[in-house]
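Labels below follow one simple rule: chain letters A, B, ... track the order of the sequence lines, proteins then strands, and each chain is numbered from 1.
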Amino acid sequence: MRRPATHHPTPCDVFETRYRKRPPMKRTKVNDLLASDSPLSQVLVKGWLRTRRDSKTFSFLEVNDGSCPANLQVVANDTLPNYEELRKLTTGSALAVVGDLVASGGKGQRWEVTASAVEVLSLAPETYPLQKKRHTDEYLRSIAHLRPRTNKYGAMFRIRADTAWAIHRFFRQHGFRWLHSPIITASDCEGAGELFRVTTLPPGVTAGDENAFSQDFFGARANLTVSGQLSAEMLALALGDVYTFGPTFRAENSNTRRHAAEFWMVEPEMAFCDLSGNMDLGEALIKEMARFVMAECAADLELFSRFVDPGLTTTLTGIIEKAFVRIRYTEAVAILQRSGQEFGFPAQYGLDLQTEHERYLTEVHFRAPVIVYDYPKQIKPFYMRVNDDGQTVAAMDVLVPVIGEIIGGSQREERLEILEARMGECGIDRAAYEWYLDSRRYGSVVHSGFGMGFERLLMMLTGVANIRDVIPFPRTPGDIMF
RNA sequence: UCCCCAGUAGCUCAGUCGGUAGAGCAAGUGGCUGUUAACCACUGGGUCCGCGGUUCGAGUCCGUGCUGGGGAGCCA
């Protein structure tokens, strides 16, 4: 069969024309070949060379195409017309291979491809920074554009993509609808830290002059979102159960292994739901994500339990099987005070729990995920519902081993007068929130929600200790090279 | 932002008491083998992070800056 005359042949077309038995050949992914239950004749594979092992009259080529963690072993005999060229193939080179999928004669793999043709699509010079050996995470961060080609980061970013999909699946199965909350917002006081300013004004124009913002693009101060919660509340009070899942920005000068300036957050919001139902959802979500990666990302996850965190399977099984401990803040403080532990900062009512306190509760005392709830109102933001004691608010934090806080949420204050009073106490400018208060004027109902850091979830699921290693191109203070 | 640690070959690291630079892997060359981060031999490869100081002499000691990491705070 001939292609139309107008078709401009690409190198791949030439290759296929030269070697194909019947046109046109379609590329098969390594993932599908390795899952084959029978031999196949004349398949086309495209990918990158991970390593080459030479014998006297043939070479083994390990080809990876990113579809799965495993490589495909290609046997290239010296009868191939370009065998001399193949003999010089370097790690990282791109290849197209045509051959038969046959049972492997060696140990270690079930299938291999006996090449009838190998085309070098691109030869990688010996300066290719990735070698066929272990690199440190620190070095790989310095070549973030290439690290997805390693076993570990390939597995990481497949798991990240699949987990994101599983989050959507979870919420859909629970009757939630996805809300696209704005990336650029005007709200600037949610107790969520420093903001990135968004402006089209020339530098310096706004210095010391609040009125200058009236000349700005939006006619007001604007910034990148720190939370989609307020938007989510509005949609929850219309659609019932909704969630946001998108990027979030914090301009905090945080230099830790679990903070990034740009991260993804999942924020469900539920009408007619109190704090207890909120905790139920958070627990169900985390359990489902652990089940998901164990069941549906098994091949990639295995790499992490082998090389990153030997206790990973135990941790995930524990998360799935154990009920999350639920204790009030006052009980948590009492446990910490009775613990006999020496803390850098003593636990004391009215102060927020320190990282060391959270980790003691979840890693030492309970050895399970812990939900701490009903915090003193003075350490929590204005929108959290004041409890009947008048002293605490219906807040909850989910703490998991190693990561610490993975979820923070609350039942929202649905009573207009109390919300207004709390805004006053917290020094919030009411004028900017009249639209928000409208939700309490018209058909206000009990509702709740939380925020879950997607990267922290991935850290928990894979055992990876640094947030910069679970996001392809991390943004942290002083670092935006890629 | 604060506290601590580190920076030596392309990568991972060793370097004793202050005495003039080492290994493995990678690269190049040759050999061998249905191999599994293949193996064996040989070869090339250094601004010891920068600057300043102490010393006859500094990779090593001191000061300072930069970069990276860990911890804290902020939080998800």
Exercise. Is there a donor and acceptor pair, one atom on the side chain of A:E112 and one on the base of B:G34, closer than 3.5 Å?
Worked result: yes
Identify each atom pair where a protein N or O and an N or O of nucleotides 38-43 of chain B are less than 3.5 Å apart, giving names and distance.
| residue | atom | partner | partner atom | Å |
| --- | --- | --- | --- | --- |
| B:A38 | OP1 | A:T51 | OG1 | 2.8 |
| B:A38 | OP1 | A:K132 | NZ | 3.1 |
| B:A38 | OP2 | A:T51 | OG1 | 3.0 |
| B:A38 | OP2 | A:R53 | NH1 | 3.0 |

Problem set entry | A:F263 aromatic ring stacked with six-membered ring of B:A76, 5.5 Å and 30° | yes
Problem set entry | Interatomic distance, A:E405 CD vs B:C74 P [rounded to whole Å] | 11 Å
Seminar exercise, completed: A:R158 meets the side-chain contact (heavy atoms from CB on, under 4.5 Å) criterion, sequence neighbours left out, with A:P69, A:A155, A:D300
Exercise. Considering only the P atoms, how many Å lie between B:C40 and B:G53, rounded to the nearest integer?
Worked result: 48 Å
Pairs: protein N or O with nucleotides 1-5 of chain B N or O, under 3.5 Å:
| residue | atom | partner | partner atom | Å |
| --- | --- | --- | --- | --- |
| B:U1 | OP1 | A:N253 | ND2 | 3.1 |
| B:U1 | O4 | A:N253 | O | 3.4 |
| B:U1 | O4 | A:N255 | ND2 | 2.8 |

Seminar exercise, completed: Pairing partner of B:C61, by Watson-Crick or G-U wobble and under 3.5 Å for both distances, is B:G53
For this session: Could you state the atom-to-atom distance from CG of A:L49 to P of B:U36 in whole Å?
Result: 16 Å
For this session: For A:F482, check side-chain contact (heavy atoms from CB on, under 4.5 Å) against everything at least two apart and list the hits.
Result: A:A144, A:H145, A:F473
Problem set entry | A:R141 side chain near B:G69 phosphate (N/O to OP1/OP2, under 4.0 Å) | yes
Exercise. Pick the nucleotide of RNA chain B nearest each of A:W264 and A:T57; which residue has the one closer to the 5' end?
Worked result: A:T57
Name the pairs: protein N/O against N/O of nucleotides 44-50 of chain B, kept only if under 3.5 Å.
none

For this session: Pick base, sugar-phosphate or nothing for A:Q354, based on heavy-atom distances below 4.0 Å to the nucleic acid.
Result: sugar-phosphate
For this session: Strictly below 4.0 Å, heavy-atom distances to any atom of RNA chain B: list the hits from residues 449-477 of chain A, or just say none.
Result: A:G451, A:G453, A:R456, A:N466, A:I467, A:R468
Exercise. With no hydrogens and no angle check, do the side chains of A:T392 and A:N387 hold a donor and an acceptor under 3.5 Å apart?
Worked result: yes
For this session: Quick one: list whatever passes side-chain contact (heavy atoms from CB on, under 4.5 Å) with A:H180, sequence neighbours left out.
Result: A:W178
Using a cut-off of under 3.5 Å, enumerate the N/O to N/O pairs linking the protein to nucleotides 11-13 of chain B.
| residue | atom | partner | partner atom | Å |
| --- | --- | --- | --- | --- |
| B:C11 | O2' | A:K133 | NZ | 3.0 |
| B:C11 | O2' | A:H135 | ND1 | 3.1 |
| B:C11 | O2 | A:K133 | NZ | 2.6 |
| B:U12 | OP1 | A:T136 | OG1 | 2.9 |
| B:U12 | O4' | A:K133 | NZ | 3.3 |

For this session: For B:A21 versus B:U36, give the span between their P atoms, rounded off to a whole number of Å.
Result: 38 Å
For this session: Evaluate whether atom CZ of A:R172 has more than 12 neighbouring non-hydrogen atoms of other residues, nucleotides or ligands under 6.0 angstrom away.
Result: no
For this session: Applying side chain to side chain donor-acceptor pair (under 3.5 Å), name anything that partners A:K322, two or more places apart in sequence or on another chain.
Result: none
For this session: Apply side-chain contact (heavy atoms from CB on, under 4.5 Å) to A:T256 and list each qualifying residue two or more places apart in sequence or on a separate chain.
Result: A:R258, A:H259
Exercise. Using a heavy-atom distance cut-off of less than 4.0 Å, which residues of residues 103-111 of chain A contact RNA chain B?
Worked result: A:S104, A:G105, A:G106, A:K107, A:Q109
Exercise. For atom P, what is the distance between B:C42 and B:C25, given to the nearest Å?
Worked result: 12 Å
Exercise. Can A:D469 and A:K152 be counted as an ion pair, charged N to O under 4.0 angstrom?
Worked result: no
Side-chain donor/acceptor pairs under 3.5 Å, residues 344-352 of chain A, sequence neighbours excluded:
none

